[in-house]
Amino acid sequence: MKKPPQDLSNLLHQSSTIPELAEKAELLLHLDHYVKQMLSGPVIEQLKVANLRQGILVIETTSAAWAARINFQKSKLLQQLRAETLPMLTAIEVKVNPGLAMYEPKSQVIQNELSEEAASHIEALAQHVDGELGQKLKRLAALASRKRQS
């Protein structure tokens, strides 16, 4: 005889490790944002707070060059974290994880909009150009006009 399915929320509350894991994940996410605010420049895109264990904050980065840069700022970062967030923090460990670069979010494509002046210039040009290019310019101008109206 099969057991009836259990409600997922009941299972989550019965297991003591899942709420602890969720709490730690939230803490690491908060620390990641906090560390990135303290550091500046392109280094913030190359690091991730990976773990906090036994008073040691583990930061992963994509290359040894970025690890060296973070190591230069480690003592300042440690002092700030102790003073503002984690008084029990004893050390910061920087590890290189080249696989971290594979999981970076792809940059979003910036879609530029045509100004009204640019659209009117394209319309004027389209009237003087024949053939396939003229048709494409007319469609582009019409598209720009539709975007302005909506």
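Since this is a predicted model, take the numbers as computed values, not measurements. We count residues from 1, following the sequence as given. Computed over heavy atoms, backbone and side chain alike; hydrogens, waters and symmetry mates excluded.
- Interatomic distance, CG of Leu78 versus NZ of Lys76, reported as 13.0 Å (0.5 Å rounding).
- Residue Trp66 is tested with Val43, Leu47, Ile59 for a side chain to side chain contact (heavy atoms under 4.5 Å, CB included); the sole match is Val43.
- No hydrogens or angles considered: a donor-acceptor pair under 3.5 Å links the side chains of Lys24 and Asn51.
- Counted by atom type alone, Thr61 and Gln46 present zero donor-acceptor pairs between their side chains at under 3.5 Å.
- A donor-acceptor contact shorter than 3.5 Å links the side chain of Arg82 to the backbone of Leu89.
- The main-chain N or O of Val49 is found under 3.5 Å from a side-chain atom of Asp32 such that the two form a donor-acceptor pair.
- The CD atom of Glu60 lies 10.5 Å from the CD1 atom of Ile70; values are rounded to the nearest 0.5 Å.
- One finds the CG atom of Leu125 at 11.0 Å from the NZ atom of Lys138 (value rounded to the nearest 0.5 Å).
- By the rule that hydrophobic residues join a cluster once side-chain heavy atoms approach within less than 4.5 Å of another member, Val94 and Leu81 end up as members of one cluster.
- Annotation: the span from Leu29 atom CG to Lys48 atom NZ amounts to 9.5 Å, rounded to 0.5 Å.
- Closest of all the heavy-atom pairs between Lys74 and Ile92 is CD-O, 3.1 Å.
- Side-chain heavy atoms closer than 4.5 Å link hydrophobic residues (I, L, V, M, F, W, Y) into clusters, and following such links, even through other members, never connects Val58 to Met88.
- Nearest heavy-atom pair, Ala141 versus Ile122, reported as atom, atom and distance to 0.1 Å: CB-CG2, 4.0 Å.
- Among the candidates Thr85, Ile44, Leu77, the single residue satisfying the side chain to side chain contact (heavy atoms under 4.5 Å, CB included) test with Met38 is Leu77.
- The OG atom of Ser63 sits 11.0 Å away from atom CG of Asn97, with the distance rounded to the nearest 0.5 Å.
- One distance of note links CD of Gln80 with CG of Leu39; it measures 8.5 Å at 0.5 Å rounding.
- At least one donor-acceptor pair under 3.5 Å links the side chain of Asn71 to the backbone N or O of Ala67.
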